[in-house]
Amino acid sequence: MAELLVQSSHWQLLLTALAFVALAGVETLFPLSGDRRSRGRRWFANFALFLIGFGVAFLASPWMFRGAAWVRDLLHFPPLTALGLPGWLLAVVAFLLIDLLAYLAHALFHGAPWLWRLHRAHHTDAVVDASTGVRHHPVESLVGAALQLTIFAILGVPLLVVMAYGLISTLWQFVTHADVRLPEPIDRALRLVIVTPGMHRVHHSVRMNEGNSNFGMVLSIWDRLFGTYRRRPAAERAGMALGVEGENGAPKLGALLIDPLRS
């Protein structure tokens, strides 16, 4: 288990770096807003947060696995693998379940005040681009990983599917946050099923009714199903105000790390 975790972590870091380089190139060629304010400092701060959070979660993973296993054994919940589904169908059902739980967890991080303090660092980025996808406070990364791992253990979700989803969702965050001009007919068609840059950009609006919407991580179907889907006309998305009301989005690592301590 430990060897598998180490190997997957190496691959995740490599693919994350490659995905960012690719999306940064696409942003340069086909920009939506073209806003490059403090680009170097923002990228440094955003990726520093990612690496710190990744390292903390990796170091804490043995304890998180033990805690999740203890809760699973305590509850004796029937595992998903006990349904007797074919391997491919089990993977599909598990993927859908994980994405639904990710949607619910994202909504919870917006709804619970103490969780919002952790998640707020992600939304204070006033210039949303591919790097914003990994701009998460390390404590948020740790809490989110522990919460999801415990739920997955209780439900008996196959570990390989969990790891595959983790990699896919991390890479997809670069896509959904990318400052790219995707043709509106394509964006509109894709967001019937998956989260697109046009759909997720609305989630980063300073307007709270828009910021508290479009919680989907990979699939957009949950927002449509639970009534949290919001849209903005394509002509308005490039110049819309992003971030958190009253925040200047300063890309300083130290300020981002202590952000949850502010009222």
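The first residue in the sequence is number 1, and the count goes up from there. As the structure is a prediction and not an experimental result, all values here were calculated from the model.
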**Q.** Leu182/Phe30 under side-chain contact (heavy atoms from CB on, under 4.5 Å): CA gap, chis, key distance, verdict
**A.** CA-CA 8 Å; Leu182 193 65; Phe30 308 101; over 6 Å; no
Q: Determine, step by step, whether His204 and His123 satisfy the side-chain contact (heavy atoms from CB on, under 4.5 Å) criterion, reporting the C-alpha distance in whole Å, the side-chain angles of both residues, the deciding distance to 0.1 Å, and the verdict.
A: CA-CA 6 Å; His204 281 266; His123 279 268; 3.8 Å; yes
Q. side-chain contact (heavy atoms from CB on, under 4.5 Å) between Met199 and Arg230: does it pass, once the steps are laid out?
A. CA-CA 8 Å; Met199 175 181 170; Arg230 300 289 183 275; over 6 Å; no
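Interatomic distance, CG of Asn46 versus CG of Asp129, reported as 7.0 Å (0.5 Å rounding). In this structure, CG in Leu171 is found 9.5 Å from CG in Leu18, a value given to the nearest 0.5 Å. Annotation: the span from Asp125 atom CG to Arg120 atom CZ amounts to 14.5 Å, rounded to 0.5 Å. Taking OG1 of Thr132 as the reference point, atom NE2 of His177 lies at 6.0 Å (rounded to 0.5 Å). From Glu140, atom CD reaches atom CG of Leu115 across 8.5 Å, with rounding to the nearest 0.5 Å. Taking CG of Leu118 as the reference point, atom CG of Asp259 lies at 9.5 Å (rounded to 0.5 Å).
Residues Leu219 and Leu96 form a side-chain contact, since some pair of their non-hydrogen atoms from C-beta on lies under 4.5 Å apart. Annotation: side chain of Leu90 is in contact with side chain of Pro158 (closest heavy-atom distance under 4.5 Å). Put simply, the side chain of Leu89 reaches to within 4.5 Å of the side chain of Val93, judged on heavy atoms. Counting heavy atoms from C-beta on, the side chains of Met217 and Gln173 come closer than 4.5 Å.
Taking the six-membered ring for Trp and the full ring otherwise, Phe47 and Phe20 have centroids separated by under 6.0 Å. When ring centroids are compared, His122 and His110 stay outside the 6.0 Å threshold.
For residues 213-228, the set of pairs meeting the side-chain hydrogen bond (donor to acceptor under 3.5 Å, both in side chains) definition, not counting sequence neighbours, comprises Asp99-Trp222, Tyr103-Thr228, Asp223-Thr228. For residues 142-159, no residue pair satisfies the side-chain hydrogen bond (donor to acceptor under 3.5 Å, both in side chains) rule, not counting sequence neighbours.
Among residues two or more places apart in sequence or in another chain, the ring pair (Phe, Tyr, Trp, His ring centres under 6.0 Å) test is passed with Phe152 by none. With sequence neighbours excluded, no residue forms a ring pair (Phe, Tyr, Trp, His ring centres under 6.0 Å) with His137. With sequence neighbours excluded, the residues that form a side chain to side chain contact (heavy atoms under 4.5 Å, CB included) with Pro185 are Pro183, Arg188. Partners of Asp179 by salt bridge (charged side-chain N to carboxylate O under 4.0 Å, His left out), not counting sequence neighbours, listed by chain and number: Arg36, Arg201. With sequence neighbours excluded, no residue satisfies ring pair (Phe, Tyr, Trp, His ring centres under 6.0 Å) with Phe109. Looking at residues two or more places apart in sequence or on another chain, you find a ring pair (Phe, Tyr, Trp, His ring centres under 6.0 Å) between Tyr165 and Phe95.
Between His203 and His106, the angle of the ring planes goes over 60°, which puts this pair in the perpendicular group of the 30/60° scheme. Between Phe54 and Phe50, the angle of the ring planes lies from 30° to 60°, which puts this pair in the tilted group.
The neighbour count for Phe226 CZ, taken as heavy atoms of other residues, nucleotides or ligands under 6.0 Å away, is above 12. When the shell of 6.0 Å around CZ of Phe44 is examined, it contains 12 or fewer heavy atoms from other residues, nucleotides or ligands.
Put simply, Leu101 and Leu108 are part of two different groups of oily side chains (I, L, V, M, F, W, Y) that touch within less than 4.5 Å, one to the next. Under a hydrophobic clustering in which Ile, Leu, Val, Met, Phe, Trp and Tyr are joined whenever their side-chain heavy atoms come within less than 4.5 Å, directly or via other members, Val175 and Val195 fall into the same cluster. In terms of hydrophobic clustering, with Ile, Leu, Val, Met, Phe, Trp and Tyr side chains grouped at heavy-atom distances under 4.5 Å, Ile52 and Val139 are assigned to different clusters. Linking ILVMFWY residues whenever their side-chain heavy atoms come closer than 4.5 Å, directly or via other members, places Leu155 and Val162 in the same cluster. Note on Phe215 and Val206: separate hydrophobic clusters, where clusters join Ile, Leu, Val, Met, Phe, Trp and Tyr whose side-chain heavy atoms are under 4.5 Å apart, directly or indirectly.
Looking at Arg191, its side chain never comes within 3.5 Å of a backbone N or O of Gly198 through a donor-acceptor pair.
Other members of the cluster containing Met208 do not exist, because no ILVMFWY side chain is joined to it at under 4.5 Å. Chaining together hydrophobic side chains whose heavy atoms lie under 4.5 Å apart leaves Leu32 on its own.
Taking all atoms of both residues into account, the shortest heavy-atom contact from Phe174 to Ala130 is CD2-O, 3.2 Å. Shortest non-hydrogen contact noted between Gly166 and Thr170 is O-OG1, 2.8 Å.
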Anything under 3.5 Å between a donor and an acceptor, one on a side chain of residues 62-83, the other on a protein residue two or more places apart or in another chain? List them.
unit_1, atom_1, unit_2, atom_2, d
His76, ND1, Asp73, O, 3.4
His76, NE2, Asp73, O, 2.9

Which pairs of donor and acceptor atoms, one on a side chain in residues 235-244, lie under 3.5 Å apart (sequence neighbours left out)?
unit_1, atom_1, unit_2, atom_2, d
Glu236, OE1, Arg232, NH1, 3.4
Arg237, NH1, Arg232, O, 2.8
Arg237, NH2, Glu184, OE1, 2.5

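Checked by atom type, the side-chain pair Thr124/Arg135 shows a donor-acceptor distance below 3.5 Å.
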